[in-house]
J.: 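Below is the structure I would like to discuss, written out as structure tokens.
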Amino acid sequence: MVPGANITHLTRKILDFLEKVEDKAGFLNFFLKKEVQADIVRTILRDPEGFGSPRLGAGQKVLLEFVSANPTGPLTIAHGRQAAFGEALARILSFSGYSVTKEYYHNDAGRQIRLLGQSLQARYEQLQGKKLALPEEGYQGEYLVDIARKIKDVPPEQPDFFEKVAVEEISRGIREDLARFGVSFDSFISEQIFHHQGEVDKVLKDLEKSGYLYSSEGAIWFRSTAFGDDKDRVLVKSDGSLTYLAPDIAYHRFKIKRGYDLIIDILGPDHHGYVKRLKAAVAALGFPPEKLHIIIVQLTTLYRGKEKLRMSTRAGEFITLKQLMEEVGPDAAKFFFLFRRAESHLDFDLEVAKKQSLENPVYYLQYAHVRMLHINQYAAQQGFSPEECLQADGALLKEAEEINLLKELAVFPGVIEHISRSLEVHLLAEYLLSLAKLFHSYYQRHRVISENRLLSLARLALVRAVHAVFSRSLKLLNISLPERM
RNA sequence: GCGCCUGUAGCUCAGCUGGAUAGAGCAAUGGGCUUCGAACCCAGAGGUCGCGCGUUCAAAUCGCGCCAGGCGCGCCA
């Protein structure tokens, strides 16, 4: 409102919505009229799919890179948490009007891949009866034995035969696990293309031209301290080979070149030393570093009751995402991953996630969902139609539990907007639990369908609105619920 | 030694762009089913917000210093 505009008119408009204003403890409290609050029900029912979408993205392009697990072994629960988080974040940002690309960076080059190939070769030759030891620091997991069995009758032709087979087989497994987990990607980027197309060399030359490279002790260094890093970083080692950072800078330039307004990297905790140098790299390439968001998803510690499950990737002893899905199911796994802040360490108790009891919040949500479905079914039997609900009289909703639900529904768009800005996905899971709690409380105290047809209709409309927001939230979190328990 | 994350009820955790009496679930205590599913609900109880100093009218929230736990720390990826 501009100064000098018609204030009295505005004031009257505002007063139309207000029941009362109170002055308490130094705060002014404004109370909305009940019918204004109840309006939210009609707003939702008119557009159940679109309600709550803040449109703040306004078509801005976001690149979201996540999981990006090296094809050297199956996905672990750490990847699972990142996958659940990334997929949910992508869905929420899309809902907020951003145009989101989900990308997986395929690390299919370098020393680790050579080690992988050698490890597979060792397993292969062991099957031929030769006693060939695994390379030092090689991959010891059983999964390589399984792959070796598949190819035991195939004679190796190319020198990179084992590398290729290993990467291919493991990648296929990764894609299967992701698909089963309900996580999909719009693009897979292979590290090899940056080498083959000379992009790594090009980006090094450009950085050199800009004066951010220098030679020392036989190596080529990136002056990342110019952008706030703790120390400069080697890009080309003294033996002439590249460090991991070099292709990664080329990859980030590729991200920038495609014209994204926002670049989000979701990384595991083993990469948090990497944040500053990536930001430095991006800044050196001329991209505003504050538009690169790096989210570190912290570790998950698995428990089986009191027992802490120790894991070691090197020794090949770890719980895979696949095993987790088989044991507790994809939906329970996702919910446990998503209702804690990403940067918090997560204690995940397999026993609790499997338990069909109060300790498991997944069942709390399912139960709310099922109750809402049953009310709808019962209402249909009693002759209520969804179209009728649009005519419901919101002013009939006067119970405290009804007002609480109305308020919670009204908050939903703000929750989505907040998450879209802060990237804190767990807030949606919290919201969902809170909505479920209010609903259970309401259900317990008040009958929706009664002899009073008008009141029944108003309450049914409320329940349908709650269910719309409830379902929407679950879809955004990529969690499905059974219709029966 | 340095960096990042964490420290809030017995347990697991929200709250941390500073604002009213610090919240939830589980566990524990007491109560509630003739009616849309009680896998639910209600009530009371449970706290030096790790410790100290500072900034502020106001600090769980911001700053500094400690203490404790986790992770990372390379011309590894």
Side-chain angles (χ1 to χ4, degrees), chain A residues 24-29 70 72 78 107 109-116 137 191 216-221 229-248 267-276 294 296-299 301 303 306 313 336 339-349 352 355-368 370-382 384 401 418 421-422 424 426-427 429-431 433-434 436-451 456 459-460 463 484-485:
Chain A
K24 193 177 178 184
F27 290 83
L28 280 180
N29 294 323
N70 294 355
T72 53
N107 238 273
R111 198 176 81 94
Q112 294 307 315
I113 297 298
R114 282 196 298 282
L115 263 174
L116 178 74
E137 297 177 79
E191 181 187 339
S216 174
E217 302 166 57
I220 296 177
W221 297 69
D229 198 3
D230 308 313
K231 52 183 281 195
D232 293 337
R233 306 291 170 177
V234 170
L235 295 183
V236 184
K237 300 182 233 175
S238 51
D239 67 0
S241 63
L242 298 168
T243 64
Y244 182 74
L245 185 58
D248 230 35
L267 303 176
D270 48 336
H271 285 81
H272 62 216
Y274 224 66
V275 174
K276 280 184 181 174
I294 300 178
I296 301 291
V297 175
Q298 279 293 343
L299 282 181
T301 310
Y303 288 83
K306 292 277 172 202
T313 315
F336 276 86
F339 88 134
R340 293 294 175 227
R341 294 167 67 216
E343 61 267 35
S344 284
H345 300 252
L346 175 67
D347 284 345
F348 191 130
D349 188 337
V352 171
K355 232 184 258 181
Q356 310 204 351
S357 82
L358 304 171
E359 289 173 70
N360 188 344
V362 176
Y363 285 87
Y364 192 77
L365 297 179
Q366 289 185 353
Y367 195 41
V370 168
R371 277 180 155 178
M372 287 186 254
L373 289 178
H374 277 254
I375 291 172
N376 270 323
Q377 282 171 16
Y378 186 76
Q381 284 168 19
Q382 303 300 312
F384 291 93
E401 290 79 9
H418 188 206
R421 291 185 200 282
S422 67
E424 296 188 324
H426 73 283
L427 295 174
E430 300 249 331
Y431 176 79
L433 281 174
S434 157
K437 182 174 175 56
L438 292 176
F439 170 73
H440 280 308
S441 183
Y442 176 50
Y443 179 93
Q444 198 71 35
R445 290 195 173 178
H446 306 287
R447 248 192 101 76
V448 174
I449 305 301
S450 63
E451 299 76 35
S456 299
R459 290 181 168 176
L460 179 61
V463 170
R484 279 201 312 238
M485 302 173 64

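By convention in this document, chain letters (A, B, ...) are assigned in the order of the sequence lines, proteins followed by strands, and residues within each chain are numbered from 1.
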J.: Between B/G32, B/C71, B/C76, which nucleotide has the shortest distance from any of its atoms to the side chain of A/Q444?
T.: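 So the side chain of A/Q444 is nearest to B/G32.
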J.: Which nucleotide sits closest to the side chain of A/R340: B/C5, B/C13, B/C75?
T.: B/C13
J.: So, under a plain 3.5 Å distance rule, would you say the side chain of A/H272 forms a donor-acceptor pair with the base of B/G3?
T.: yes
J.: If we take the P atom in both B/C33 and B/C42, what is their distance in whole Å?
T.: 16 Å
J.: For B/U21, give the paired nucleotide (Watson-Crick: N1-N3 plus N6-O4 or O6-N4; G-U: N1-O2 and O6-N3; both under 3.5 Å), or none.
T.: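 The base-pairing partner of B/U21, which may sit in any strand shown, does not exist here.
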J.: Let's see if you can work this out: which of B/U35, B/C42, B/G37 has an atom nearest to the side-chain heavy atoms of A/S441?
T.: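 For the A/S441 side chain, the nearest candidate turns out to be B/C42.
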J.: What interatomic distance, in whole Å, is found between C1' of B/C4 and the corresponding atom of B/U12?
T.: 23 Å
J.: Would you give the length of the straight line joining atom NE2 of A/H272 to atom CD of A/E343, rounded to the nearest 0.5 angstrom?
T.: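 So the gap between those two atoms works out to 13.0 Å.
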J.: Can you figure out which of B/A39, B/C36, B/G74 approaches the side chain of A/M485 most closely?
T.: B/A39
J.: Give the rounded distance in Å between these two atoms: CD of A/Q377 and C1' of B/C36.
T.: 10 Å
J.: Just the rounded figure in Å: distance from P of B/U35 to NE2 of A/H374.
T.: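 The answer, rounded to whole Å, is 15 Å.
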J.: Quick one: on RNA chain B, does A/P269 or A/S238 contact a more 5' nucleotide (nearest heavy atom)?
T.: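 Result: A/P269.
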J.: With the side chain of A/E424 defined as its heavy atoms from C-beta on, choose the nearest nucleotide among B/G25, B/G15, B/G74.
T.: B/G15
J.: What's the CG-C1' distance between A/D347 and B/U6, to the nearest Å?
T.: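 That distance rounds to 12 Å.
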J.: Once you apply the 3.5 Å cut-off to both distances, tell me the Watson-Crick or G-U wobble partner of B/C16, or none.
T.: none
J.: Taking the minimum atom-to-atom distance to the side chain of A/N70, which one of B/U17, B/A77, B/C75 wins?
T.: B/A77
J.: For B/A60 versus B/G23, give the span between their C1' atoms, rounded off to a whole number of Å.
T.: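 Those two atoms are separated by 12 Å.
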J.: Sticking with atom P, work out how far B/U29 lies from B/C73, rounded to a whole angstrom.
T.: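 It comes out at 47 Å once rounded to the nearest Å.
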J.: Of all the choices, B/A77, B/U17, B/G37, which nucleotide is nearest to the side chain of A/Y367 once you look at every atom?
T.: B/G37
J.: Could you go through the side chain to side chain contact (heavy atoms under 4.5 Å, CB included) check for A/V362 and A/F336 one step at a time?
T.: CA-CA 8 Å; A/V362 176; A/F336 276 86; 4.1 Å; yes
J.: Can you check side chain to side chain contact (heavy atoms under 4.5 Å, CB included) on A/N107 and A/Q112, steps first, answer last?
T.: CA-CA 9 Å; A/N107 238 273; A/Q112 294 307 315; over 6 Å; no
J.: Rounding to the closest angstrom, what is the interatomic distance between B/A20 and B/G15 at atom C1'?
T.: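 Taking atom C1' in both B/A20 and B/G15, they lie 15 Å apart.
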J.: Just compare B/U6, B/C75, B/G37 and give me whichever is closest to any side-chain atom of A/R371.
T.: B/G37
J.: Quote, to the nearest angstrom, the C1' distance that separates B/C13 from B/U8.
T.: 9 Å
J.: Please report, rounded to the nearest Å, how far the P atom of B/C26 is from the OH atom of A/Y303.
T.: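 Distance check: A/Y303 OH to B/C26 P gives 21 Å.
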J.: So if I take every side-chain heavy atom of A/V370 and compare against B/G37, B/G15, B/A77, which nucleotide ends up nearest?
T.: B/G37
J.: Send over the distance from A/Y443 OH to B/C36 P, rounded to a whole Å.
T.: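 Atom-to-atom, A/Y443 to B/C36, this comes out as 6 Å.
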J.: Both distances below 3.5 Å, Watson-Crick or wobble geometry, any strand: find the nucleotide opposite B/C26.
T.: B/G10
J.: So what's B/U35 paired with, Watson-Crick or G-U wobble, going by both distances under 3.5 Å?
T.: none
J.: Rounded off to whole Å, could you give me the CZ-to-C1' distance for the A/R447 and B/C41 pair?
T.: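 Between C1' of B/C41 and CZ of A/R447: 16 Å.
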J.: When the distance from CD1 of A/I296 to P of B/C71 is rounded to whole Å, what number comes out?
T.: 16 Å
J.: Rounding to the closest angstrom, what is the interatomic distance between B/G3 and B/G44 at atom C1'?
T.: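 To the nearest whole Å, 47 Å.
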J.: Could you work out the separation of B/U17 and B/G25 based on their C1' atoms and round it to a whole Å?
T.: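 B/U17 and B/G25 have their C1' atoms separated by 27 Å.
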J.: Please state how far atom CD in A/E343 lies from atom P in B/G70, giving the value in whole angstrom units.
T.: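 Taking CD of A/E343 and P of B/G70, I get 20 Å after rounding.
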J.: Side chain of A/R459, backbone of A/R447: donor and acceptor closer than 3.5 Å?
T.: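 Present.
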J.: Consider the side chain of A/S344, meaning its heavy atoms from C-beta on, and name the nucleotide among B/C76, B/A14, B/A38 that approaches it most closely.
T.: B/A14
J.: Check for me: is A/H440 stacked on B/A38 by the 5.5 Å centroid and 30° plane-angle rule?
T.: no
